[in-house]
Asker: 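This is the structure, below, for whatever I ask next.
Remember, predicted model here, so these are calculated numbers, not experimental data.
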Amino acid sequence: MDEQKLNEFLGQMLQDLGGAFSIPLVRIGDALGLYKTLHKDGPLTAAELAQATGLAERYLREWLSAQAASNYVAYDAASGRFSLSPEQAAVLADEDSPVYMVAAFECAAANVSNQPALEAAFKSGDGVAWGNQPGCLFCAVAKFFRPSYRHNLVQEWLPALDGVVEKLTSGARVADIGCGHGHSTVIMAEAFPNSDFTGYDFHDGSIAEARDHAKAHGLTNAAFEVGLAKEYPGEFDLVCFFDCLHDMGDPHGAMAHVRDSLAPGGTCMIIEPMAADALEDNLNSVGRLYYSASTMVCVPTSLAQETGTALGAQAGEARLREVAEAGGFGHFRRATETPFNIILEARI
Ligand SMILES: C[S@@+](CC[C@H](N)C(=O)[O-])C[C@H]1O[C@@H](n2cnc3c(N)ncnc32)[C@H](O)[C@@H]1O
């Protein structure tokens, strides 16, 4: 054994365990408004945070100490006060920031709860249906993706597609397949009031949530229906998949149905997790998160459906091109990308 390599690996483990042990603490900080209070009113001592929140000081002191040791909050020993730097606030306190990360801890918590179901699935080879995921994984996933959609979709992704913004501005029909809680649908509907948007998802709970969400935004041009990717009705100028094509049991069949549902000259936009084509090129921190989530959520979701293709979250562009081409799309290109997503354009 090489002692130096062992120590390096143990150092990595200590970092990783610190993150794992932080899952419930970050969620407590979010649920009880601690990050937001520190951001708004900080620097604060534990007693001052207790006064501001009405929470128990002894717990807050321990929580703050853990957060400071994690470098999630800053600590000033001279005053005994804790605060959030602008960078820490952007990641932990501001739900509208493009780098808000708390929802990822919620996804991690849901994955931990799902361990017994996955252990059984590893033995049987069966899937675990999306609707049977524990707690509100759906809420966590929607909350995780929302900041990226809010900051990129209208500003960067739609303009990267050929001629789509012009159509949306004058009035187009858009389908958002696998829309979940419908954040992507609502963001587009707000930006393009002359166009009509329909979100489809096979999970009725998510569709109910999406309808409430559109109502809260006062939107009249966004509707939500329970529907399968291979069976939704209607003809559309733009069909979108946001972080969901790889979750589907039969993505090839879904793309064939998109082809049939597109109006002449129509476009399919596929947002997928950032991934290279080869495993060895995905062995990095983004790939690590996505392969982990894919093991616990994406692969079991697909295996629970007909065909069970199970592309996995790290399918990569070449595999996705093959899916689109099998569905009858002759034109396929990477329109743009972010560190977390690739944005693909498919046309007939
Ligand atoms: C990772 S979530 C993404 C949700 C949403 N697009 C977003 O970005 O927040 C995957 C979604 O795909 C939906 N889904 C999976 N397979 C489907 C299918 N065959 N037909 C319709 N929806 C499906 C799930 O219900 C879930 O809402």
Side-chain angles (χ1 to χ4, degrees), residues 98 104 141 144-145 148-149 151-165 174-180 184 188 229-230 236 238-259 261-262 265-303 305 307-348:
V141 165
F144 176 65
F145 286 131
S148 173
Y149 300 164
H151 287 271
N152 293 303
L153 174 50
V154 171
Q155 301 86 331
E156 306 286 342
W157 298 350
L158 291 169
L161 305 175
D162 277 342
V164 165
V165 167
V174 181
D176 185 354
I177 312 301
C179 64
S184 48
M188 291 189 288
K230 276 181 8 181
F236 299 95
L238 174 67
V239 175
C240 312
F241 292 89
F242 288 90
D243 283 292
C244 62
L245 184 62
H246 65 271
D247 292 313
M248 295 180 176
D250 182 9
H252 300 81
M255 287 306 287
H257 184 67
V258 173
R259 189 201 135 93
S261 75
L262 276 182
T267 301
C268 179
M269 175 170 73
I270 305 163
I271 314 295
E272 276 287 302
M274 172 55 77
D277 295 324
L279 168 61
E280 57 272 28
D281 296 325
N282 290 327
L283 302 182
N284 50 52
S285 24
V286 172
R288 181 187 190 194
L289 286 185
Y290 278 139
Y291 277 124
S292 302
S294 184
T295 308
M296 301 304 288
V297 181
C298 311
V299 163
T301 295
S302 178
L303 289 176
Q305 300 180 43
T307 311
T309 300
L311 287 174
Q314 294 286 272
E317 185 176 332
R319 190 86 205 280
L320 294 162
R321 174 189 292 275
E322 177 263 307
V323 170
E325 285 176 355
F329 286 86
H331 167 98
F332 184 89
R333 72 177 175 102
R334 182 183 297 217
T336 185
E337 64 184 47
T338 70
F340 285 103
N341 283 111
I342 41 179
I343 290 77
L344 302 161
E345 178 190 72
R347 288 190 282 119
I348 296 168

Asker: So which heavy atom on Cys268 is nearest to which on Met255, and how close?
Answerer: SG-CE, 3.9 Å
Asker: At their closest point, which heavy atom of Thr336 faces which heavy atom of Ala160, and how far apart are they?
Answerer: CG2-CB, 3.8 Å
Asker: Search all heavy atoms of Thr338 against all heavy atoms of Trp157 and return the closest pair with its distance.
Answerer: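 Reported closest heavy-atom pair: CG2-NE1, 3.5 Å.
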Asker: Where the side chain of Arg259 meets the backbone of Gly327, is there a donor-acceptor pair that is under 3.5 Å apart?
Answerer: no
Asker: Does a donor on one side chain sit under 3.5 Å from an acceptor on the other, for Glu345 and His331?
Answerer: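 Short answer, yes.
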Asker: Report yes or no: does Thr309 contribute a side-chain atom to a donor-acceptor pair with the main-chain N or O of Gly249 at less than 3.5 Å?
Answerer: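 Between the backbone of Gly249 and the side chain of Thr309 there is a qualifying donor-acceptor contact (under 3.5 Å).
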Asker: List in chain and number order the residues that pass side chain to side chain donor-acceptor pair (under 3.5 Å) with Ser261, two or more places apart in sequence or in another chain; answer none if no residue qualifies.
Answerer: Tyr232
Asker: So does Arg333 have more than 12 non-hydrogen atoms from other groups sitting under 6.0 Å from CZ?
Answerer: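 Above 12, so yes.
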Asker: Which distance, rounded to the nearest 0.5 Å, do you find between the CD of Gln305 and the NZ of Lys230?
Answerer: 9.0 Å
Asker: For a side-chain contact (heavy atoms from CB on, under 4.5 Å) check, start with the C-alpha distance between Val258 and Phe236, then their side-chain angles and the critical distance, and finish with the verdict.
Answerer: CA-CA 9 Å; Val258 173; Phe236 299 95; over 6 Å; no
Asker: I need the Leu344 CG to Ile342 CD1 distance, nearest 0.5 Å.
Answerer: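 Here the rounded value is 4.5 Å.
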Asker: Can any side-chain N or O of Asn282 pair as donor or acceptor with the backbone N or O of Ala276 at less than 3.5 Å?
Answerer: yes
Asker: Taking the six-membered ring for Trp, are Phe145 and Phe242 closer than 6.0 Å centroid to centroid?
Answerer: no
Asker: Can a side-chain donor-acceptor contact be found between Asn284 and Tyr290 if the only test is distance below 3.5 angstrom?
Answerer: no
Asker: Is a side-chain donor or acceptor of Asn152 paired with a backbone partner of Ser148 at a separation under 3.5 angstrom?
Answerer: yes
Asker: So does Arg321 pair up with Asp277, basic N to acidic O under 4.0 Å?
Answerer: no
Asker: At their closest point, which heavy atom of Phe332 faces which heavy atom of Ile270, and how far apart are they?
Answerer: CE1-CD1, 4.3 Å
Asker: Give the C-alpha distance, both sets of side-chain angles, the deciding distance and a yes or no for side-chain contact (heavy atoms from CB on, under 4.5 Å) between Glu272 and Leu311.
Answerer: CA-CA 11 Å; Glu272 276 287 302; Leu311 287 174; 5.9 Å; no
Asker: Looking at every heavy atom in both Gly308 and Leu303, which two are closest together, and how far apart are they?
Answerer: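 The pair with the smallest heavy-atom distance is O-CD2, 3.5 Å.
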Asker: Would you tell me whether Asp247 and Ser302 have side-chain atoms, one donor and one acceptor, within less than 3.5 Å of each other?
Answerer: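 Per modelled atom types, Asp247 and Ser302 side chains form no pair under 3.5 Å.
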Asker: Among side-chain atoms of Glu322 and His252, is any donor-acceptor pair under 3.5 angstrom?
Answerer: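 Yes, because at least one side-chain N or O of Glu322 sits under 3.5 Å from a partner of the opposite role on His252.
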Asker: Can you check whether Ala313's main-chain N or O pairs, donor with acceptor, with Ser294's side chain at less than 3.5 Å?
Answerer: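 Checking the backbone N and O of Ala313 against the side chain of Ser294, a donor-acceptor pair under 3.5 Å is found.
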Asker: Go through the steps to decide whether Tyr149 and Asp243 satisfy the test side-chain hydrogen bond (donor to acceptor under 3.5 Å, both in side chains), and finish with yes or no.
Answerer: CA-CA 11 Å; Tyr149 300 164; Asp243 283 292; 3.0 Å; yes
Asker: Should Leu153 and Met269 be marked as a side-chain contact (heavy atoms from CB on, under 4.5 Å) after you check the CA-CA gap, both sets of side-chain angles, and the distance that decides it?
Answerer: CA-CA 11 Å; Leu153 174 50; Met269 175 170 73; 3.9 Å; yes
Asker: Would Val299 and Thr301 count as a side-chain contact (heavy atoms from CB on, under 4.5 Å) if you check the C-alpha gap in whole Å, the side-chain angles of each, and the deciding distance to 0.1 Å?
Answerer: CA-CA 5 Å; Val299 163; Thr301 295; over 6 Å; no
Asker: Between Pro251 and Leu245, what is the shortest heavy-atom contact and its length?
Answerer: CB-O, 3.8 Å
